[in-house]
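Basis for what follows: all heavy atoms, side chains included, without hydrogens, waters or symmetry-related copies. We name chains A, B, ... by the order of the sequence lines, and we start the count at 1 in each one.
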Amino acid sequence: MPEGHTIHRLAADHDLVFGGRPLRVSSPQGKFSDGAALVDGLVLESAEAHGKHLFLGFGPSGWVHIHLGLFGKYGFGDAPAPPATETVRLRLINDEAYADLRGPTTCALITDGEKQAIHDRLGPDPLRARDTGEKAWQRISKSRTTIAALLMDQKVIAGVGNVYRAEVLFRHGIDPYRLGKDLTRAEWDAVWADLVELMREGVRLGRIDTVRPEHTPEAMGRPPRVDDHGGEVYVYRRAHQPCHICGGEIRTAGLAARNLFWCPGCQKP
DNA sequence: AGCTCATGGCGAG
DNA sequence: TCGCCCTGAGCTG
């Protein structure tokens, strides 16, 4: 289950494992059979990520556009591939490896123009080397929407999901209900820079770790702990537990159909 | 076996 | 704001 770091990692893995060589493409489940047939046997020329969107490039034949949604999952493995189960939407195979995709929101063959339209509607991505937080700031600084909602809006900033949202706001002591227009430029610059760093680390480690060294359980003299989503965090899914820093109770609330987590003690309005 | 929930996003009203 | 789509894990019974 993905935020932007997962998708950038997947793009790199595709390049490494399948890039520059022909590969077999199929859709055991059948829902992508037509698209798969059109690129089967072609060379994978490039793999790109923008926010939570993944693009597999097959030259003039176009791009396989993948969005994992909430449930989508990739499984990579060494050849030979096991028999595909009925939920495998997309299977890639070469002599050494296979990759299975299950449960994506999107898996479709698109043109260069359609791909460009997706880039155009996405905000800057902290994991794209040429992107900066400037365009995001232009929208945030004029917006009467809460910063918590803005961080989840992929048109404002691409790649941030529910975990990074909660964690980066905590790390900067920003109350999630503050309005975009009430953030200072310095606050936004610090948040953007932090996302760049945190998400790069997320790509490297393959999980979301946001707890600073001085706040780890060891440093704080507490028993070791890994949160049930695989990384170490301050507030995400820690409702009603004590804050690692102030000891106050972590709070949760629904916001735009998602669960928001924050520490009222550390994140003042 | 059936329910709930999950790191997303879309379109209808 | 709500319902809906995609899948699987972790409960409950």
Can you confirm if the NZ or CZ of A:Arg91 lies within 45° of the ring axis of A:Tyr98 and under 6.0 Å from the centre of its six-membered ring?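 Here A:Arg91 passes the 6.0 Å and 45° test against A:Tyr98.
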May I ask you to verify if any side-chain N or O of A:Gln29 is less than 4.0 angstrom from the OP1 or OP2 atom of C:dT7?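 It does, given that an N or O in the side chain of A:Gln29 lies less than 4.0 Å from OP1 or OP2 of C:dT7.
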OP1 or OP2 of C:dG8 less than 4.0 angstrom from a side-chain nitrogen or oxygen of A:Thr87, does that happen here?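 Yes, A:Thr87 has a side-chain N/O under 4.0 Å of OP1/OP2 on C:dG8.
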Taking all non-hydrogen atoms of both residues, which atom of [X] and which atom of [Y] are closest, and how far apart?
X	Y	value
A:Cys107	A:Val64	SG-CG1, 4.2 Å
A:Ile245	A:His215	CD1-CE1, 3.3 Å
A:Lys115	A:Glu48	NZ-OE1, 3.0 Å

Could you state the [atom1]-[atom2] distance from [X] to [N], rounded to the nearest angstrom?
X	N	atom1	atom2	answer
A:Asp209	B:dT7	CG	P	17 Å
A:Leu10	B:dT7	CG	C1'	13 Å
A:His5	B:dT7	NE2	C1'	7 Å
A:Phe261	B:dA6	CZ	P	7 Å
A:Leu260	B:dA6	CG	P	13 Å
A:Lys73	C:dG8	NZ	C1'	6 Å

At under 4.0 Å between heavy atoms, what does [X] touch on the DNA or RNA strands: base, sugar-phosphate, or nothing?
X	value
A:Arg237	base
A:Glu167	nothing
A:Lys155	nothing

I'd like the P distance from B:dC5 over to C:dC2, given in whole Å.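 Each nucleotide's P atom is 15 Å from the other's.
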For nucleotides C:dC5 and B:dG13, find the distance between their P atoms and express it as a whole number of Å.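 It comes out at 15 Å once rounded to the nearest Å.
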The side chain of A:Asn259 is closest to which nucleotide in this list: C:dC6, C:dG8, B:dA6?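 For A:Asn259, the side-chain atoms sit closest to B:dA6.
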Looking at the side chain of A:Tyr236, which of C:dC6, B:dA6, C:dG8 is the nearest nucleotide?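 Comparing C:dC6, B:dA6, C:dG8 against the side chain of A:Tyr236, the answer is B:dA6.
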Are A:Val191 and A:Tyr236 co-members of a hydrophobic cluster defined by side-chain heavy atoms under 4.5 Å apart?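 A:Tyr236 clusters together with A:Val191.
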The contact string for nucleotides 8-13 of chain B, one letter per nucleotide 5' to 3', using protein heavy atoms under 4.0 Å with B, S and - for base, sugar-phosphate only and none, comes out as BSS---
Would you call A:Glu187-A:Arg178 a salt bridge at under 4.0 Å N-O?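 Answer for the salt bridge query: yes.
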Answer yes or no: does atom CZ of A:Arg200 have more than 12 heavy-atom neighbours from other residues, nucleotides or ligands under 6.0 Å?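 Count not over threshold, so no.
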